[in-house]
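First the structure, in the form of structure tokens, and then the observations on it.
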Amino acid sequence: MIEFEFIEVPEINLDYIQEWFIKVLENEGKTLSNITVVLGTDDWLLEQNKSFLKHDYYTDIITFDYCEMDFISGDLLISIDRVNDNAKTYNVSRETELNRVLVHGLLHLCGYGDKTEKEIEIMRKKEDYYLTLL
């Protein structure tokens, strides 16, 4: 099950996103357990970043992993402000950028990292591939 909580409400087809997440997870050999997606502002996510991770900087997503074995469970906290800014920076639609951030968080729950150059390269390729499934 996927739950969505909105601090700011963008237009999202929730059923479509859930079906897409299930496809991604099946492709990764994982099973959906429970994912909560919370969309908020830059300031809200900055406070979460400081509070939970002791990071004092803006980010587009924070992922909390509660997975057990191949059962995917977690919280995806997303700044819609960052999504909007990134969409302008990368000259893509807000929907495309939001989908990229969503699948980025999902890939973290699948075990992919983004700390090294190699991890970032793998993450980007996976994001690009899964965006084609939409």
Next item on the list: Please list all pairs passing the ring pair (Phe, Tyr, Trp, His ring centres under 6.0 Å) test where one or both residues lie in residues 78-116, with sequence neighbours left out.
Entry: H104-H108
Notebook entry, point to check: Would you call R100 and D60 a salt bridge, using N to O less than 4.0 angstrom?
Noted result: no
Next item on the list: Apply side-chain hydrogen bond (donor to acceptor under 3.5 Å, both in side chains) to Y66 and list each qualifying residue two or more places apart in sequence or on a separate chain.
Entry: D75
Item checked: Full working for side-chain hydrogen bond (donor to acceptor under 3.5 Å, both in side chains) between D42 and S79 -> CA-CA 5 Å; D42 264 350; S79 167; 2.6 Å; yes
Margin query: Please enumerate all residues that pass side-chain hydrogen bond (donor to acceptor under 3.5 Å, both in side chains) together with T63, with sequence neighbours excluded.
Written below: none
Checklist line | N-O pairing of E28 and K126 below 4.0 Å | finding: yes
Item checked: Sidechain-backbone polar pair: N84 side chain, I80 backbone, donor-acceptor under 3.5 Å -> yes
Margin query: According to a hydrophobic-cluster definition based on side-chain heavy atoms being under 4.5 Å apart (Ile, Leu, Val, Met, Phe, Trp, Tyr only), do I62 and L46 belong together?
Written below: no
Check: Can you name the side chain to side chain contact (heavy atoms under 4.5 Å, CB included) partners of E95, sequence neighbours left out?
Finding: S93, N99
Note to self: Applying a strict under-4.5 Å side-chain criterion to I, L, V, M, F, W and Y, I'd like to know whether I61 and I120 cluster together.
What the structure shows: no
Check: Under the side chain to side chain contact (heavy atoms under 4.5 Å, CB included) test, which residues partner D85, sequence neighbours left out?
Finding: R82
Checklist line | All ring-ring contact (aromatic ring centres under 6.0 Å, His included) counterparts of Y16, not counting sequence neighbours | finding: none
Notebook entry, point to check: OG1 of T116 to CE of M123: how many Å apart, nearest 0.5 Å?
Noted result: 10.5 Å
Check: Going by atom types alone, do Y58 and D81 pair a side-chain donor with an acceptor below 3.5 Å?
Finding: no
Margin query: Any salt bridge linking E97 with R94? Criterion: basic side-chain nitrogen under 4.0 Å from a carboxylate oxygen.
Written below: no
Margin query: Check K23 with E19, please: is the shortest side-chain N to carboxylate O separation under 4.0 Å?
Written below: no
